[in-house]
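Proteins come first, then strands; the chains are lettered A, B, ... in the order of their sequence lines, and each starts at number 1. Predicted model, so just to flag it, every value in this text is computed and none were measured.
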Amino acid sequence: MCLANSVVVLDFETTGLSPDNGDRAIEIGAVKIVDGEIVDSFQELMNPGRRVNSFIEQYTGISNKMLLDAPSCEAVMTRFASFIGEFNLVAHNASFDKKFLDAEFERIGHQYRGQFACSLLLSRRIHQDAPNHKLGTLVEYHQLPNDGVFHRALADATMTGYLWLQQLETIKQHQPQQAVTFDKIKKITSMTKAKVMDYIKLIQK
DNA sequence: TGCCAGGCCCTCTTTAGGGCCTT
């Protein structure tokens, strides 16, 4: 049985939206959660081998100058592979981060065993009353700890980690006799919204 | 700034279209 309270929560900053269009990672941030506590973190800039456009510089605060002396994606991703080990993985809109993780790992010939879960899909199901499911909105909605920094990898990964723990607590409150396993989370996120409400009676906040 | 992508999900749907999310 694999509990959902021991995971690695990760977030990429990238040059764009699609590795299929040649976009690369420029920063990876992650927190390691064990038994519901953040016990470790990872953050590194990486040089994508190309200039990032002005929008990305402004959006992330990561400048071309900052990336000039950063280690290569390959070097950083090799260290990140060691960091995640065989942990299951969580990200906000995981399909996006999984694309980049798969693309960057493919470049170094690394395969990982962990499964992915998505805090955005989970939020859409168990907090259907939220104004929207953007990370920033959910941080404010749930009054999660934050330092006011957004769109940097470790900051976003840390906030997503707190969001994940909040989501596990919501599920646990309504099924206190059952362990919240990673498989249960995957099951909930694969349900329709209507079925989730039948499966688990939810408080709204 | 929101074009570029793509998965998810809703509906005035399924022979489709468009909004939500991520950078």
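Taking atom P on both B:dT13 and B:dG18, the two are 13 Å apart, rounded to the nearest angstrom. Distance noted for atom P between B:dC12 and B:dA5: 28 Å (whole Å). Comparing the P positions of B:dT15 and B:dC21 gives an interatomic distance of 27 Å, to the nearest angstrom. Nucleotides B:dT14 and B:dC8 are separated by 16 Å at their C1' atoms, to the nearest Å. B:dT1 and B:dG17 are spaced 24 Å apart, taking the C1' atom of each and rounding to whole Å. With both ends at atom P, the span from B:dC4 to B:dC10 equals 24 Å, rounded to whole Å. Comparing the P positions of B:dA16 and B:dT23 gives a spacing of 31 Å, expressed to the nearest Å.
Applying the ring-ring contact (aromatic ring centres under 6.0 Å, His included) test to residues at least two apart or on different chains, none of the pairs has a partner in residues 1-30 of chain A. Among residue pairs with one or both ends in residues 97-118 of chain A, those qualifying as ring-ring contact (aromatic ring centres under 6.0 Å, His included) are A:F96-A:F100, A:F105-A:H110, A:F105-A:Y112; sequence neighbours excluded. Within the structure, the salt bridge (Lys or Arg N to Asp or Glu O under 4.0 Å) test picks out the following pairs touching residues 20-43 of chain A (sequence neighbours left out): A:D23-A:R50, A:R24-A:E74, A:R24-A:E104, A:E27-A:R152.
By the 4.5 Å heavy-atom criterion applied to side chains, A:I26 and A:V52 are counted as neighbours.
Counting only distance, with no hydrogens or angles, the side chain of A:D156 and the backbone of A:F150 share no donor-acceptor pair below 3.5 Å.
In this structure, A:N21 places its CG atom 7 Å from P of B:dG6, rounding to the nearest Å. Following rounding to the nearest Å, A:F100 (CZ) and B:dA5 (P) show an atom-to-atom distance of 13 Å. Nucleotide B:dG7 holds its P atom 12 Å from the CG atom of A:D102, rounded to whole Å. If you measure from atom CG of A:L101 to atom C1' of B:dG6, you get 17 Å, rounded to the nearest angstrom.
Checking A:D11, A:I28, A:V90 one by one against A:D97, the side chain to side chain contact (heavy atoms under 4.5 Å, CB included) holds for a single residue, A:D11.
For A:H127 and A:H142, the ring centers sit closer than 6.0 Å to each other.
Using a 4.0 Å cut-off on heavy atoms, none of the residues of residues 66-75 of chain A approach DNA chain B.
Under the 3.5 Å distance criterion, with hydrogens and angles disregarded, no donor-acceptor pair is assigned to the side chains of A:Y59 and A:N53.
Contacts of A:K98 classified as salt bridge (charged side-chain N to carboxylate O under 4.0 Å, His left out), with partners at least two apart in sequence or in another chain: A:D102.
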Report, one pair per line, the protein and nucleotides 19-23 of chain B atoms (nitrogen or oxygen only) whose separation is under 3.5 Å.
from, atom 1, to, atom 2, distance (Å)
B:dC20, O2, A:R124, NH2, 3.3
B:dC21, OP1, A:H133, N, 2.6
B:dC21, O2, A:N93, ND2, 2.9
B:dT22, OP1, A:L135, N, 2.9
B:dT22, O4', A:N93, ND2, 2.8
B:dT23, OP1, A:D156, OD2, 3.4
B:dT23, OP2, A:Y59, OH, 3.1
B:dT23, O3', A:E13, OE1, 2.6
B:dT23, O3', A:T14, N, 3.1

